[in-house]
Amino acid sequence: DTMFCQISAKVGTGVNDLLESILILAEVEDYKANPDRIATGTVIEAKLDKGRGPVATLLVQNGTVKIGDIIVVGNTFGKIRAMQDELGRQIKVAGPAKPVEITGIAEVPFAGEKFMALEDERKARAIAEVRAQNKFNEEMGSNRAASLNDIMSESNGELKVLNLIIKCDVQGSIEAVKGLLQKIEIEGTQINIIASSVGGVVESDVNLAIASSAIMICFNVRPIAYVADMAKDHGIEIRLYSIIYKLQEDIEKAAKGMLDPVFEEKITGEAEVRELFKISRIGTIAGSMVTRGSIVRGGTIRVI
């Protein structure tokens, strides 16, 4: 009863056959969505854009979504200010089976969450607040402390718990990091993900880490200067990664009680790139302004 198609996205073969087969199957089985109803669908991807704020890519599965609609997405809500189609063109209306990128929501939602359009903004806010509180209660169910280095010292036979807060550049990265961490199964240890979100480290993240005695795992994001100082003052460990398998390796070693850092990263300064200059014989030169500390010749840098 299942139709199969041999395709290759890499070289583009079989894609037309696949599309034709989908249309035939939809016609035979009479699969149709109702465009004349309140819009519902799923979040495909989400990120925090520096200029536009929270941005979510939605797949409309039923109904029609349009600019000005009030939508609830997981724990957040908002009024759609702008929509773009898959080619980056500005559009005003999107029907069933249409992927759109929207702005106007209050926070970055999670990939895979369902969205629905509502007519009343107060009702949308109430639903989002209830969901957010329920999620917070679930995440704060376990508050036992641990850190990457301290976890080694627990050798009295009790269950070792490693509380983590994950911050990533895009929602897809969060899913990938969570997937790798969930595969780590070591007897006598438990990895507990307290919270995960998109964007740089902010004060609320540090406060949550303080309350739950968690360490912060940052993938392709970093804390701003005063937040990093705040975390340091409260003894909160922030680990920065750009390679996902290095992240997995460190957490796995910590869970096994084998983590023994050979190198310790010491931040001497931070700079902001203001202009790029490209010279054929040299390469790309970053004209930068030092915003904190000092930059020295021969130092190692991380560009984010």
Side-chain angles (χ1 to χ4, degrees), residues 45-48 107-112 135-136 138-154 160-186 189-267 270 300 302-304:
E45 182 58 283
K47 62 182 180 180
L48 186 62
E107 297 176 11
V108 179
F110 290 94
K135 185 174 181 63
F136 178 79
E138 290 176 7
E139 290 177 343
M140 295 303 292
S142 174
N143 284 333
R144 189 176 167 195
S147 70
L148 284 180
N149 294 325
D150 293 341
I151 195 172
M152 294 184 295
S153 62
E154 297 184 20
K160 300 175 184 177
V161 179
L162 183 60
N163 290 334
L164 302 177
I165 295 175
I166 300 173
K167 300 288 293 187
C168 294
D169 52 345
V170 295
Q171 190 63 47
S173 297
I174 291 180
E175 301 301 322
V177 170
K178 279 186 174 181
L180 285 178
L181 295 182
Q182 288 169 357
K183 292 178 181 178
I184 300 176
E185 295 182 359
I186 298 170
T189 63
Q190 177 184 339
I191 296 174
N192 183 25
I193 300 175
I194 300 294
S196 59
S197 60
V198 172
V201 181
V202 295
E203 287 184 66
S204 60
D205 298 321
V206 177
N207 289 330
L208 179 58
I210 295 169
S212 58
S213 298
I215 68 168
M216 303 195 66
I217 302 297
C218 299
F219 184 74
N220 284 342
V221 296
R222 63 179 176 84
I224 56 180
Y226 80 92
V227 173
D229 292 338
M230 176 183 174
K232 186 176 180 180
D233 291 342
H234 289 85
I236 299 300
E237 186 177 7
I238 299 179
R239 294 212 163 213
L240 308 177
Y241 295 94
S242 57
I243 302 173
I244 193 169
Y245 294 107
K246 175 64 177 171
L247 185 160
Q248 182 190 25
E249 181 184 345
D250 279 2
I251 300 300
E252 192 166 8
K253 284 182 178 179
K256 289 179 179 177
M258 298 190 307
L259 186 62
D260 186 14
V262 178
F263 301 101
E264 180 180 354
E265 182 178 87
K266 184 178 179 181
I267 299 175
E270 295 179 359
T300 303
R302 176 186 284 110
V303 182
I304 299 179

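These values consider heavy atoms only, across backbone and side chains, with no hydrogens, waters or symmetry-generated copies. We count residues from 1, following the sequence as given. The model shown is predicted, which means the values in this text are computed figures rather than measured ones.
- Legend: residues meeting side-chain contact (heavy atoms from CB on, under 4.5 Å) with I191, ordered by chain and number and at least two apart, are L164, I184, I251.
- Residues E175 and A111 approach most closely at OE2-O, 4.1 Å, considering heavy atoms.
- Contact annotation: the side chain of L240 approaches that of P223 to within less than 4.5 Å [non-hydrogen atoms, C-beta and beyond].
- Distance OG/S212 to CD1/I236: 7.5 Å, rounded to 0.5 Å.
- Using a 4.5 Å cut-off on side-chain heavy atoms (C-beta onward), I174 and F219 make no contact.
- For D229, the side-chain hydrogen bond (donor to acceptor under 3.5 Å, both in side chains) test picks out R292, with sequence neighbours left out.
- Side-chain atoms of E45 never come within 3.5 Å of backbone atoms of V170 as a donor-acceptor pair (strictly under, hydrogens ignored).
- What you find for A46 and V198 is that their closest heavy atoms are O-CG2, 4.2 Å.
- Between I194 atom CD1 and I215 atom CD1 the span is 11.0 Å, to the nearest 0.5 Å.
- Residues E270 and R222 meet the side-chain proximity criterion, which asks for heavy atoms closer than 4.5 Å.
- In this structure a side-chain-to-backbone donor-acceptor pair under 3.5 Å is missing from D169 to N220.
- Here the straight-line distance linking atom CG of L247 with atom SG of C168 works out to 8.0 Å at 0.5 Å rounding.
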So H234 and N207, side-chain contact (heavy atoms from CB on, under 4.5 Å) or not? Walk me through it. CA-CA 9 Å; H234 289 85; N207 289 330; over 6 Å; no
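- The line from CD1 of I166 to CD1 of I217 is 7.5 Å long, rounded to the nearest 0.5 Å.
- Annotation: the span from L208 atom CG to S213 atom OG amounts to 10.5 Å, rounded to 0.5 Å.
- Counted within 6.0 Å of CD1 on I210, heavy atoms from surrounding residues, nucleotides or ligands total more than 12; the atom is thus considered enclosed.
- Looking only at side-chain heavy atoms (C-beta outward), Y241 and V177 stay at 4.5 Å or farther from each other.
- Annotation for M216 and A209: closest pair CG-CB, 4.2 Å, computed over non-hydrogen atoms.
- For the pair D205 (side chain) and V202 (backbone), a donor-acceptor distance under 3.5 Å is present.
- Taking the side-chain contact (heavy atoms from CB on, under 4.5 Å) definition, one finds that I224 meets it with Y226, V227, sequence neighbours left out.
- For the residue pair A214 and I165, the shortest heavy atom distance occurs at CB-CG1, 4.0 Å.
- Rounding to the nearest 0.5 angstrom, the gap separating the NZ atom in K167 from the CD1 atom in I238 is 10.5 Å.
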Are E237 and R239 close enough, and set up right, to give a salt bridge (charged side-chain N to carboxylate O under 4.0 Å, His left out), and what steps lead you there? CA-CA 6 Å; E237 186 177 7; R239 294 212 163 213; 2.7 Å; yes
